[in-house]
Amino acid sequence: MGETMQIRTRGIRTTVAALAAVAGVAAAAVPAAAATPASDTPRFLEPADLPPHPSSPWYAGAVTVGQPDPLPMCVGDALPSTTTHREYWTEYDTNAQQLTVEGRSEQWAKDFAALLRKDLAGCAKKLMQQDPDITATQKYYGRLNVEEGADVYGIHTASAWGSSDIGLFSVGRDGATVTVVRWGQMGTFQHAQVADFKATTVTAVNKLY
């Protein structure tokens, strides 16, 4: 069972783009500049690898080199320009994203993964510092035994104007490569497909090479 943390603070406004990364609106546009990775580059999740949606298939954009726009909340500020990403969406309010970074060494990747985990561990507090109208709650769902390991987090945001969004994040590493998987939709922790998301994370890390 994950450890729950809830903090209420004051701060500046959270950007609409950051909240959209958890709500199911980020998939409206597929990046125009796309590149298909070569066989010696990390592989990405396929739509069928995502947590199953009860009413819709998953769709995927092309694997794209560069930072996504908008940046995902919590982990976006740490992403280098060499990030490669892929967007996923359903016909409803659920969306997902995979972000992969090939490091220059295993030690660099280890340090980068640790930075991402730190950012996720402090995400709820940071969101509420940025916007006093947001209440954020988070859970840590543990570490997965795949390659060099992967950690899973859940973050729920509720706004004063009535929105309620749930997001699941994972950070995994295979050698010098780090991948982040994000899943989000409208809802609460009750709607989080944690077991399915953990399976998706294991697949994502295993598929890197």
Side-chain angles (χ1 to χ4, degrees), residues 13-31 33-34 42 44-45 47 49-51 58-90 93-102 109 112-131 134 136-141 150-159 163-173 177-187 192-194 197 200-201 204-205 208:
R13 180 177 301 276
T14 302
T15 64
V16 174
L19 292 178
V22 173
V25 298
V30 177
F44 278 72
L45 292 165
D49 298 324
L50 275 293
W58 280 94
Y59 306 95
V63 174
T64 304
V65 177
Q67 296 169 320
D69 183 17
L71 292 172
M73 73 175 202
C74 303
V75 297
D77 290 344
L79 296 175
S81 60
T82 54
T83 301
T84 305
H85 67 278
R86 192 177 196 187
E87 308 288 338
Y88 308 85
W89 64 94
T90 68
D93 63 355
T94 308
N95 67 91
Q97 188 177 52
Q98 184 178 4
L99 310 120
T100 298
V101 179
E102 293 184 85
F112 180 58
L115 173 62
L116 294 174
R117 291 194 300 269
K118 181 179 178 181
D119 287 345
L120 284 167
C123 183
K125 181 178 180 180
K126 181 178 180 180
L127 290 176
M128 290 186 291
Q129 287 174 337
Q130 291 175 329
D131 192 334
I134 294 294
T137 308
Q138 67 184 70
K139 293 184 179 182
Y140 174 60
Y141 288 109
D151 293 86
V152 180
Y153 304 80
I155 299 170
H156 173 252
T157 57
S159 70
S163 66
S164 178
D165 302 305
I166 181 65
L168 296 175
F169 294 78
S170 61
V171 178
R173 182 172 69 90
T177 300
V178 176
T179 195
V180 176
V181 182
R182 180 193 61 76
W183 171 96
Q185 67 173 32
M186 295 173 61
Q193 295 177 246
V194 178
F197 183 76
T200 294
T201 296
V205 178
L208 287 174

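Because the structure is predicted, anything quoted here is derived from the model rather than measured.
Atom OH of Tyr59 sits about 15.5 Å away from atom OH of Tyr88, to the nearest 0.5 Å. The distance from the CG atom of Leu116 to the CZ atom of Arg173 is 12.0 Å, given to the nearest 0.5 Å. Annotation: the span from Thr157 atom OG1 to Asp165 atom CG amounts to 4.5 Å, rounded to 0.5 Å. We find the CZ-CD distance between Phe44 and Gln97 to be 10.0 Å, quoted to the nearest 0.5 Å. Separating the CD1 atom in Ile166 from the CE atom in Met186 is a distance of 13.0 Å, to the nearest 0.5 Å. Between the CG atom in Asp151 and the CZ atom in Phe169 there is a gap of 14.0 Å [rounded to 0.5 Å].
The closest donor-acceptor contact from the side chain of Trp183 to the backbone of Thr94 lies at 3.5 Å or more, if one exists at all. For Thr200 (side chain) and Asp49 (main-chain N/O), a donor-acceptor pair under 3.5 Å exists by modelled atom type. No donor-acceptor distance shorter than 3.5 angstrom exists from the side chain of Tyr141 to the backbone of Leu168, with no hydrogens or angles considered.
For the side-chain contact (heavy atoms from CB on, under 4.5 Å) with Val180, the lone residue among Thr83, Leu120, Leu99 that qualifies is Leu99. Exactly one of Glu87, Arg182, Gln185 qualifies for a side chain to side chain donor-acceptor pair (under 3.5 Å) with Asn95. That residue is Arg182.
Closest of all the heavy-atom pairs between Val178 and Ala109 is CG2-O, 3.4 Å. The minimum heavy-atom distance linking Val152 with Tyr140 is given by the pair O-CD1, 3.4 Å. Looking at every heavy atom in both residues, His85 comes nearest to Gly66 through ND1-O, 2.8 Å. In terms of heavy atoms, Gln193 sits closest to Pro51 at NE2-CB, 3.7 Å. Heavy-atom minimum distance, His156 versus Gly187: CD2-O, 3.2 Å. Nearest heavy atoms, Gly172 versus Ala150: CA-CB, 3.7 Å.
Within the structure, salt bridge (charged side-chain N to carboxylate O under 4.0 Å, His left out) contacts touching residues 63-83 (residues at least two apart or in different chains) are Asp77-Lys126. For residues 112-124, no pair satisfies side chain to side chain donor-acceptor pair (under 3.5 Å), with sequence neighbours left out.
A heavy-atom distance below 4.5 Å is not found between the side chains of Ser159 and Asp131. Looking at heavy atoms from C-beta onward, Tyr153 lies out of side-chain contact with Cys123 at the 4.5 angstrom threshold. Side-chain atoms of Ile155 and Cys74, non-hydrogen and from C-beta on, do get closer than 4.5 Å to each other.
Partners of Thr179 according to the side-chain hydrogen bond (donor to acceptor under 3.5 Å, both in side chains) rule, which considers only residues two or more places apart in sequence or in another chain, are Gln98, Thr100. Under the ring-ring contact (aromatic ring centres under 6.0 Å, His included) criterion, Phe197 pairs with no residue at all, not counting sequence neighbours. The side-chain hydrogen bond (donor to acceptor under 3.5 Å, both in side chains) check on Glu102 picks up Tyr209, with sequence neighbours excluded. For Thr82, there are no side-chain hydrogen bond (donor to acceptor under 3.5 Å, both in side chains) partners at least two apart in sequence or on another chain.
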